[in-house]
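Each ligand, and each atom within it, is numbered from 1 in the order the structure gives.
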Amino acid sequence: MATRRDFLAFSTATLLAGRIALPNGAGTGVDQPENERSKLAADFQRPRYHLLPPANWMNDPNGPIFWKGQYHMFYQYNPHGAFPESMHWGHAVSSDLVHWKHLPIALAPTPGGPDKDGCWSGCAVVDGGVPTILYTGVFPQVQCLARGDDGMVTWRKFAGNPVVAAPPQGIRATGFRDPCVWREGEEWYLAIGSGVEGQGGVVLLYRSRDLIHWDYLHFLCRGRKDELLPGKDPVSTGEMWECPDFFPLADKHALLVSTQGAVIYSVGAYENHYFRPEVQGKADLSDSYYAARSMLDEKGRRILWGWIREGRSEAAQRAAGWAGVMSLPRVVSLAPDGRLRITPAPELETLRGKHHHFDGEHAHGAFPIRGDCLEIQAEFELGTADLAGLTVRSSPSGEEHTSITYNRTKAQLLVEREHSSLSPDADRGPQGGSFTLAESETLKLRIFLDASVIEIFANDRACLTSRIYPSRPDCLGVGTLAKEGTARLKALDVWEMRPISGDRLTR
Ligand code: DQQ
């Protein structure tokens with residue numbers, strides 16, 4: 001076991017060396033002038049009940065962990081602006097999974113160190129009572145370790161970093177990053193995201209007794225480049241698997257990997273330290289959701305987080321002064337058919353404010369509800385319609401609107417963004433993928449709308465995340481639609497959602 005002396009203090013001086021000032025002890029790395037803060041707090045594209053940093057760039061969730069009654073979330077963060085450079089680990093904490101408080105930056109690159117060019121993604125575990133982070137230092141990609149204090153606020157890097165200096169010999173690795181660690185008996189196991197050039201994504205498996213000395217074992221799991229997921233979704237599993245997340249689930253194990261396109265899950269058997277996928281699918285139907293990682297909480301729930309990326313130009317992101325949002329917490333369980341069931345955490349219901357209910361008499365068209373910060377639950381009988389669903393963020397005269405629909409012929413769940421925004425900076429392409437309703441099944445949509453973010457859960461078996469940027473703040477209309485026939489709306493429930501902070505989390 002390494003001693004305290006083996007760790008480099010991660011101090012305010014380190015931060016200042018990186019030209020980052022700690023504002024009033026808040027430590028989020030942003031010395032944000034009041035006018036900048038007011039601009040962000042008033043930005044109507046900025047979510048109000050999703051976690052995001054006070055400003056600047058964020059991407060992957062890192063090391064989500066439940067510790068001493070609190071949910072800790074770390075994330076890839078650039079304190080220098082709304083662009084992906086100089087990765088740090090931002091940090092936020094919550095006691096209810098819903099309301100978040102920003103904490104000081106947990107990890108920053110150390111000049112001259114193995115993470116001089118960035119502290120990339122990783123995980124957090126507790127080792128004999130000591131919070132411990134394993135993360136990827138760049139460049140080259142190596143695995144590093146840091147120990148935290150009891151409150152997980154201050155972190156000291158291991159002086160002997162890196163703890164894993166290179167991929168195993170003899171493998172033409174496409175990458176070597178994003179450690180995921182778990183314990184089995186007296187030993188620690190480490191999964192690292194990688195791939196073999198020309199062959200496909202792999203997860204490398206290592207073993208250790210002290211988290212510092214690691215022995216390479218073998219591939220925990222491997223894919224084949226150009227292999228398509230079974231089923232209708234033509235998705236390649238790619239040549240590089242990022243952010244592996246591996247955990248037991250009921251009597252199976254689950255592995256999530258991010259394929260530089262989608263987050264793919266496998267449920268299967270874990271025997272003799274090999275994982276054999278039996279059922280596979282997409283954790284989310286869109287590429288707006290990426291780099292997913294999970295935590296186990298005190299209730300024994302497996303809670304999944306993902307990075308919701310932007311869907312607008314880099315120039316628009318820089319001009320806005322922020323980019324990237326953390327998904328809402330999603331609870332993962334095993335469905336009776338062996339697939340993953342991914343549903344919104346029940347705690348989100350505590351954000352519900354004013355409730356509006358409509359029954360089937362109101363079939364189609366606009367509803368007397370307005371809002372850009374809503375939870376919507378709708379159930380449709382498809383009837384003769386080929387396509388049915390909802391419109392959201394509609395402008396008063398309809399030139400901007402977004403539709404969320406099920407298309408029976410295509411067997412797809414879709415967000416159509418062609419008319420979501422008049423701004424040339426916003427992405428317009430549809431998002432979605434394979435989703436099939438049984439002949440007699442109703443369409444059950446649960447939609448979380450939060451300014452530019454949409455998270456959709458369909459019939460407890462598909463998730464779809466999207467980003468939209470209506471140009472007008474009065475794009476607040478909600479309606480239903482059906483095409484090529486008639487559908488019946490059985491019920492529509494809408495809740496106005498309460499913000500989790502008074503200033504869109506800019507402090
Ligand atoms: N993002 C991190 C990498 C990871 C990628 C860098 C996935 O560690 O592979 O910010 O989005």
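When non-hydrogen atoms are compared, ligand 1 lies under 4.0 Å from neither the backbone nor the side chain of T136.
Evaluated for a ring-ring contact (aromatic ring centres under 6.0 Å, His included) with F74, the options W67, W305, W155, W120 yield exactly one hit, W155.
S258 places a side-chain N or O within 3.5 Å of a backbone atom of A291 that can act as its donor or acceptor partner.
For a threshold of 3.5 Å applied to N or O pairs, the pair formed by Q76 and ligand 1 contains at least one separation below that value. Here's the thing with W307: none of its N/O atoms is less than 3.5 angstrom from an N/O atom of ligand 1. At least one N or O atom of R177, backbone or side chain, sits closer than 3.5 Å to an N or O atom of ligand 1.
Using a 4.0 Å cut-off to heavy atoms of D60, the atoms of ligand 1 that qualify are 1 (N), 2 (C), 3 (C), 4 (C), 5 (C), 7 (C), 11 (O). For ligand 1 and S121, the ligand atoms under 4.0 Å from any heavy atom of the residue are 2 (C), 8 (O). Within ligand 1, counting atoms from 1 as listed, the ones closer than 4.0 Å to a heavy atom of Y290 are 7 (C), 11 (O). Near M87, meaning under 4.0 Å from one of its heavy atoms, ligand 1 places the atoms 10 (O).
Residues Q143 and R177 bring no donor and acceptor atom of their side chains to less than 3.5 Å of each other.
For Y206 and Y189, the ring centers sit 6.0 Å or farther from each other. Under the 6.0 Å cut-off for aromatic ring centres, H218 and Y274 qualify, their centroids lying closer than that.
Pairs engaging residues 253-263 under the salt bridge (Lys or Arg N to Asp or Glu O under 4.0 Å) rule: none recorded [sequence neighbours left out]. Judged as a salt bridge (Lys or Arg N to Asp or Glu O under 4.0 Å), the pairs with a partner in residues 312-322 (not counting sequence neighbours) are, in order, E310-R312.
Summarising the contacts of atom 8 (O) of ligand 1 with N62, D178, N59, the nearest heavy atom is found in D178.
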